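Written out below as structure tokens is the structure these notes cover.
This structure is a prediction, so every number in the text was calculated from the model and none was measured. Sequence lines set the chain letters: A, B, ... in the order given, protein chains first and strands last, and positions in each chain run from 1.
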Number of protein chains: 2
Amino acid sequence: MISPITLDALKVLDAIERKKSFAAAAEELFRVPSAISYTINKLEEDLAIQLFDRSKRKAELTPVGKMIVEQGRLILNATDELTHMAKQSASGWELELRICIDSILKFKPLYSLIALFHEEYPWIDIRLTEEVFGGTWDALNSGRCDLMIGADGDISGSKFTAKIIGTIDFIFAVKENHPLCLEQKPLTDAMIKKYPSIVVADSSRDLPTRSAGLLDGQARITVPSIDKKIEAHCQGIGVGYLPIHRITKELNSKELIALPLRDHENRQHDLYIAWGKNNKGKALAWFVNKLQQMEMRELLDY
Amino acid sequence: MISPITLDALKVLDAIERKKSFAAAAEELFRVPSAISYTINKLEEDLAIQLFDRSKRKAELTPVGKMIVEQGRLILNATDELTHMAKQSASGWELELRICIDSILKFKPLYSLIALFHEEYPWIDIRLTEEVFGGTWDALNSGRCDLMIGADGDISGSKFTAKIIGTIDFIFAVKENHPLCLEQKPLTDAMIKKYPSIVVADSSRDLPTRSAGLLDGQARITVPSIDKKIEAHCQGIGVGYLPIHRITKELNSKELIALPLRDHENRQHDLYIAWGKNNKGKALAWFVNKLQQMEMRELLDY
DNA sequence: CTATTAGTTCAATATATTTGAAGTAATGAT
DNA sequence: ATCATTACTTCAAATATATTGAACTAATAG
């Protein structure tokens, strides 16, 4: 026997310390005093350590005894928590929920949602990953996440449930003082094609790469994230569509200029959330519910 | 029953997971397979949670089961550690050691000693307090500390063991450009008495205040710590003796000037460590041993 | 100097665990 | 496909462990 300590003994020890008496502890635990005495004696014997000073009428904890009570309480709490966790997760709560978010969306509003969730269910792990364009669908499809929040482009098949929770406006934006600013508005295709377009790399691995509806015959510069794309626009390296909510700062400071196009409306993309149809997880349901209640404005962090 | 989990069940669960088999776990725990089966069945029943998937020949942990194994190991470790701690402290190791150090000494070298100690005995708490002059003796005398490291002035009686572990040199030092610098050397009492002396408050509460051997008939400015005294000297507010090792920086930068005195040698104070004679604590012994081995230079942090 | 309180001891009893033999069902080998 | 083997389960009996209540001891409060 490596450790002679038992949780029952720790419970008894705890009760004695709180009630300051063997008899009172016995009552609390629905046992007779002699049973308490037996448990403590056994623990002392097994440990070969005196836990109580019995020279007085009332038994008093020795310093070591006090320490065991204190540390023991931590252990008892841990087991109670473990029991609780186990019951929760056995009753339909996931042990972890993996959320994949399109990098077109801002993380911040999701953070506060996660914080809220974590307050209620601190034992459930939330794993957040980021993908660009089709990457979120791909992550869901290949089982790398349980819930995707992302740009549109629906997936075929009946494995997933998808809900549109809003739309994102895209506008054609270029750097201030960009040559295109001097051209006659609205801009034509020919004008635009003279400048490279900035494309965010599709992080899809399994799915066919999505064209993202870009103009043809134009030089392309591929960047790994939406942030880098915005940066590239600001540097004047290229031109293209950007989601309004991510560039409000740059538009306000006139770092980026929105330009009207002859052949394209300012485009709208649907914002989806999607998850496995037969995923009955309650944490998933919690997030789906909250996300649907959320105002688009909150999610985009205008 | 609040938590049906028992440490024994967690041990069994751990063994099964490691050995990947009920039978192997049984062997490891010197029980028959049916006993293992019984323990697991009981735990599953009490928790009302399926811990193993028995559809295959080899029982496999369910996700919840895996979690319980993982968390359970933490709990098992904690109990093992608790047992260890208890045995250690019952075998003569203190649960905490209170060290009181004279503020004349630097804390830093003691910190590394404490760090070293903490590496070997992480469960023993070290409480470090600081006192000025007689304060360390007083702290020891009144039971506020177990070990004092400090300036001299031996205590009468046989309650304590004291060891001299070195000496500290004190010199008479004043601010650069202080009027005393211009006087003829060596300085006489009369010259010094014109300027206030800086006295560190004796934090003693129970013991008669110690005169600290200062010149009489001189204005006194009382400061609460050695640092404030050095500061006061640097500001030219007063004059007096300072421990060399605490003012090497100021002496090198000529912020403070050491001056020779006619009537006093540069004084030496013995550096003591002392502790209760019948304190048989092993942590105390460890520190006493290490402190005696330490070079004065290390302790003063020259 | 009792009377009372607090905890202990002990034999009897109740409960829980372990055992070994027999059983079931899945896997692997032929 | 069949059969032996593996891996675990079930069950009754045996054993170990915990609980009880009655009798006991020792400290302290009145």
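Distance Glu27(A) CD to dT20(D) C1': 16 Å, rounded to the nearest Å. The nearest whole Å value for the distance from the CG atom in Leu43(A) to the P atom in dT17(D) is 15 Å. Rounded to an integer number of Å, the gap from CZ of Phe52(B) to P of dT9(D) is 9 Å. Atom CZ in Phe30(B) sits roughly 15 Å away from atom P in dG20(C) (whole-Å rounding). If you take CD of Glu60(A) and C1' of dT28(D), they are 14 Å apart, rounded to a whole angstrom. Here the P atom of nucleotide dA7(D) and the CD1 atom of Ile16(B) are 14 Å apart, to the nearest Å. One can place CG of Leu7(A) at 17 Å from P of dA16(C), the figure rounded to the nearest angstrom. When rounded to the nearest whole Å, the span between NZ of Lys42(A) and C1' of dA16(D) equals 10 Å.
Shown here are the ring pair (Phe, Tyr, Trp, His ring centres under 6.0 Å) partners of His84(B), two or more places apart in sequence or in another chain: Trp123(B). When the side-chain contact (heavy atoms from CB on, under 4.5 Å) test is applied to Gln71(B), the partners found at least two apart in sequence or on another chain are Leu82(A), Met85(A), Met67(B), Leu74(B). A search for ring pair (Phe, Tyr, Trp, His ring centres under 6.0 Å) contacts involving Phe52(A) returns Phe22(A), not counting sequence neighbours. Applying the side-chain contact (heavy atoms from CB on, under 4.5 Å) rule to Arg127(B) yields the partners Glu96(B), Arg98(B), Asp125(B); only residues at least two apart in sequence or on another chain are considered.
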Next item on the list: For the pair Arg73(A) and Glu70(A), evaluate salt bridge (Lys or Arg N to Asp or Glu O under 4.0 Å) and give the outcome as yes or no after the intermediate values.
Entry: CA-CA 5 Å; Arg73(A) 281 186 183 137; Glu70(A) 277 171 39; over 6 Å; no
Next item on the list: Using a 4.0 Å heavy-atom cut-off, write out nucleotides 1-9 of chain C from 5' to 3' as B (base contacted by protein), S (sugar-phosphate only) or - (no contact).
Entry: ---BBSSBB
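The ring pair (Phe, Tyr, Trp, His ring centres under 6.0 Å) analysis of residues 61-83 of chain A, with sequence neighbours excluded, yields no pairs.
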